[in-house]
Number of protein chains: 2
Amino acid sequence: MSQTVQLHDRLRAAILALDLAPGQRLTERGLESRFEASRTPVRAALVRLDSEGLVRRDGRGWIVSPIDTGEIGALGELREAVESAAIRLSVARASDLDIMAIIARLDAARPAHDEEQGVRAGGDFHVELAGLSGNTFMADAVRSAMTRLSRTRWLEVRTSEAREQAWAQHHEIIGAVAARDADRAAVLVVSHIRGTNERLLAFLDAEQRRLRWHGVAIVS
Amino acid sequence: MSQTVQLHDRLRAAILALDLAPGQRLTERGLESRFEASRTPVRAALVRLDSEGLVRRDGRGWIVSPIDTGEIGALGELREAVESAAIRLSVARASDLDIMAIIARLDAARPAHDEEQGVRAGGDFHVELAGLSGNTFMADAVRSAMTRLSRTRWLEVRTSEAREQAWAQHHEIIGAVAARDADRAAVLVVSHIRGTNERLLAFLDAEQRRLRWHGVAIVS
DNA sequence: TATACCAACTCGGTATCCCAAAACGAAGGG
DNA sequence: CCCTTCGTTTTGGGATACCGAGTTGGTATA
């Protein structure tokens with residue numbers, strides 16, 4: 001695997017794991033030495049991460065994208081629009097086999113032991129669900145939104161009850177798809193997204209001070 | 001302006017104007033000499049264009065993204081979902097002033113003399129309309145979709161009647177927003193998008209042979 | 001004539017060098 | 001003590017040299 005791709009993945013992982021704090025300044029030469037690669041792949045990785053919204057330009061330099069509550073709200077609105085449309089297409093188009101496969105994966109990930117698994121499982125579920133529509137742009141839009149959200153989404157799945165609830169709602173949603181009930185599936189997915197996002201923003205508001213204390217930049 | 005940005009714009013323009021044919025192979029060194037820049041900015045521009053979908057990797061090399069009818073259909077579906085949701089938000093949130101500004105721009109661009117202006121005006125209108133929602137992700141999604149579509153959209157606005165009709169429908173849509181009629185606005189925008197896309201795909205099907213003759217790669 | 005082999009070339013990936021501009025910091029003046 | 005100023009350092013942008021993999025075209029041999 002090329003250094004550029006490797007570096008992109010490692011940087012991405014470091015950002016999503018909050019090893020690189022939101023708002024933190026990045027220098028190409030600093031990353032060069034931290035990841036032991038030369039500037040060329042570092043720069044390529046930064047450009048890619050920029051297009052993913054995980055990193056952004058700050059004047060001449062680079063920063064890890066701050067966590068932006070306005071952005072989280074906007075992403076929720078986008079997800080409602082895209083995912084509800086995608087699920088209607090899925091109900092009309094997806095094969096029983098593909099639906100079963102998602103249910104199987106959901107059951108296999110049943111436990112959702114910790115926060116990280118919860119975040120991963122949730123993200124994967126929504127992307128796969130959108131993928132059922134057969135529309136890659138919708139799936140990509142959802143994947144992109146989940147990526148941008150994943151730095152904060154662990155807040156929402158901290159308790160095992162929250163993870164249980166998310167899992168149950170996911171099951172309900174895919175169940176409605178399996179039953180070919182488009183209206184119900186769309187209503188469920190919208191209310192799931194809205195509820196999740198509202199709780200997320202509430203948690204973020206509550207934890208704001210503590211997170212800022214740890215050097216996490218949060219803007220509105 | 002930096003060479004990277006300049007090169008990105010020039011390459012993008014060349015691709016959208018079909019100066020670089022869809023499917024054509026690109027080499028970094030070829031672009032380097034064609035645009036009289038060194039490989040560093042060429043590479044950066046290619047990476048950005050890759051994330052915009054105008055260029056893609058082909059094995060180890062690069063090609064101009066082929067025109068993909070399946071992609072066009074999928075983009076239409078995404079636009080229906082995003083733009084109808086955005087317009088509902090716009091009806092609820094946009095100020096009269098901002099709405100007036102769009103109407104003014106629409107009137108200023110009234111003539112839409114030629115195909116290129118028609119494509120530009122249409123794209124701008126839809127992006128600005130989505131921007132009224134205040135949700136930048138929705139506006140970005142629409143912008144990205146319009147970019148990917150713009151290489152073929154001239155097919156749809158070749159006749160002055162088609163440009164007139166598009167202009168009239170745009171006026172009707174923004175009128176419904178101004179009247180704060182969300183349902184009507186959503187219905188109008190969806191039927192506008194669907195009609196436009198269907199005509200576009202029909203034209204593309206009809207012109208397929210001629211375009212292929214000119215070296216344009218069209219896949220399904 | 002057909003095929004196997006090899007040399008030259010092309011290409012993207014990487015490392016590194018230079019440059020101008022911006023950021024930083026120390027010293028000096030108010 | 002604060003603010004300005006000027007020189008040093010750092011930084012991103014760009015150019016280029018080198019590498020190894022892959023392709024091509026030609027040649028020599030069977």
Side-chain angles (χ1 to χ4, degrees), chain A residues 1-16 18-66 68 212 215-217 219, chain B residues 1-16 19-66 68 215-217 219:
Chain A
M1 187 188 286
S2 79
Q3 296 224 34
T4 299
V5 175
Q6 225 181 101
L7 200 54
H8 170 261
D9 290 346
R10 290 211 289 160
L11 250 173
R12 181 191 151 91
I15 292 170
L16 294 184
L18 299 176
D19 285 342
L20 295 172
Q24 181 177 341
R25 181 130 193 256
L26 298 177
T27 69
E28 295 180 358
R29 283 171 167 97
L31 297 171
E32 184 183 13
S33 63
R34 170 169 180 161
F35 292 100
E36 292 175 342
S38 76
R39 276 179 74 204
T40 309
V42 168
R43 285 163 80 170
L46 284 172
V47 172
R48 281 192 60 185
L49 290 166
D50 184 28
S51 72
E52 294 173 50
L54 296 181
V55 134
R56 79 169 59 145
R57 308 221 72 120
D58 176 46
R60 235 170 34 120
W62 302 90
I63 58 171
V64 179
S65 297
D68 183 331
R212 283 225 178 91
V216 175
V219 303
Chain B
M1 189 192 283
S2 78
Q3 296 221 37
T4 299
V5 175
Q6 228 181 97
L7 201 53
H8 171 260
D9 290 346
R10 290 211 288 160
L11 250 173
R12 181 190 149 89
I15 291 170
L16 294 185
D19 285 342
L20 295 173
Q24 181 177 342
R25 180 129 197 257
L26 299 177
T27 70
E28 296 180 357
R29 283 169 167 106
L31 297 171
E32 184 182 13
S33 62
R34 169 167 181 161
F35 291 100
E36 291 176 342
S38 74
R39 278 179 72 202
T40 308
V42 167
R43 280 181 141 275
L46 284 173
V47 172
R48 280 192 60 187
L49 290 166
D50 185 28
S51 72
E52 293 173 51
L54 296 182
V55 134
R56 80 170 57 145
R57 307 220 72 121
D58 175 47
R60 280 200 325 281
W62 303 90
I63 58 171
V64 179
S65 296
D68 183 331
V216 174
V219 302

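By convention in this document, chain letters (A, B, ...) are assigned in the order of the sequence lines, proteins followed by strands, and residues within each chain are numbered from 1.
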Identified side chain to side chain contact (heavy atoms under 4.5 Å, CB included) counterpart of A/P66 within the set A/V64, A/D68, A/I63: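 Going through A/V64, A/D68, A/I63 one by one, the side chain to side chain contact (heavy atoms under 4.5 Å, CB included) with A/P66 is satisfied by A/I63 alone.
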Using side chain to side chain contact (heavy atoms under 4.5 Å, CB included), reason through A/L31 and A/L46 one step at a time and then give a plain yes or no. CA-CA 10 Å; A/L31 297 171; A/L46 284 172; 4.0 Å; yes
Which pairs, with at least one residue in residues 39-49 of chain B and sequence neighbours excluded, count as a salt bridge (Lys or Arg N to Asp or Glu O under 4.0 Å)?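 Of all non-adjacent pairs touching residues 39-49 of chain B, those that pass salt bridge (Lys or Arg N to Asp or Glu O under 4.0 Å) are B/E28-B/R39, B/E28-B/R43.
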If you pin A/G61 and B/S38 to their nearest nucleotides in DNA chain D, which one's is more 5'?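 Per heavy-atom nearest nucleotide, the more 5' residue is A/G61.
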Please enumerate all residues that pass side-chain contact (heavy atoms from CB on, under 4.5 Å) together with [X], with sequence neighbours excluded.
X: B/L49; value: B/H8, B/L11, B/R12, B/I15, B/E52, B/L54, B/V55
X: A/D9; value: A/M1, A/V5
X: B/A44; value: B/T4
X: A/A14; value: A/D19, A/L20

Can a side chain N or O of B/T40 be found less than 4.0 Å away from OP1 or OP2 on D/dG14?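 False: B/T40 side-chain N/O out of range (4.0 Å or more) of D/dG14 OP1/OP2.
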Expected rows: protein N/O vs nucleotides 18-21 of chain D N/O, under 3.5 Å:
residue: D/dC18; atom: N4; partner: B/R29; partner atom: NH2; Å: 3.4

Return the residues of residues 1-9 of chain B meeting this criterion: a heavy atom under 4.0 Å from some atom of DNA chain D. Order them by number, or give none.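 Of all residues in residues 1-9 of chain B, the ones placing a heavy atom under 4.0 Å from DNA chain D are B/S2, B/Q3, B/T4.
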Tell me whether the NZ or CZ atom of B/R56 lies within the 45° cone about the ring axis of B/W62 and under 6.0 Å from its centre.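 That pair does not qualify as a cation-pi contact.
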Please find the pair of heavy atoms, one from [X] and one from [Y], that lie closest to each other, and give the distance.
X: B/A21; Y: B/G215; value: CB-O, 3.6 Å
X: B/A217; Y: B/G23; value: CB-CA, 3.8 Å
X: A/A37; Y: A/L7; value: CB-CD2, 4.1 Å
X: A/R60; Y: A/R57; value: O-NH2, 3.3 Å

For [X] and [N], give me the distance from atom [atom1] to atom [atom2], rounded to whole Å.
X: B/F35; N: D/dA15; atom1: CZ; atom2: P; answer: 15 Å
X: A/W62; N: D/dT11; atom1: CH2; atom2: C1'; answer: 13 Å
X: A/I63; N: D/dT11; atom1: CD1; atom2: P; answer: 16 Å
X: A/L31; N: D/dG12; atom1: CG; atom2: C1'; answer: 13 Å

Output the residues of residues 44-55 of chain B in contact with DNA chain C, where contact means a heavy atom of the residue under 4.0 Å from an atom of the strand; sort by number or write none.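 Contacting residues: none.
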Can a donor-acceptor pair be found, under 3.5 Å and without considering hydrogens, that links the side chain of B/R10 to the backbone of B/F35?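 Looks like yes, one N/O pair under 3.5 Å.
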D/dG14 base to A/R43 side chain: any donor-acceptor pair below 3.5 Å?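 Indeed there is one.
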Scan A/R25 against the nucleic acid and name what it touches under 4.0 Å (heavy atoms): base, sugar-phosphate only, or nothing.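 It contacts nothing in the nucleic acid.
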For DNA chain C, which nucleotides open and close the run of contacts to chain B, 5' to 3', at under 4.0 angstrom from a non-hydrogen atom?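 Answer, 5' to 3': C/dC11 to C/dT14.
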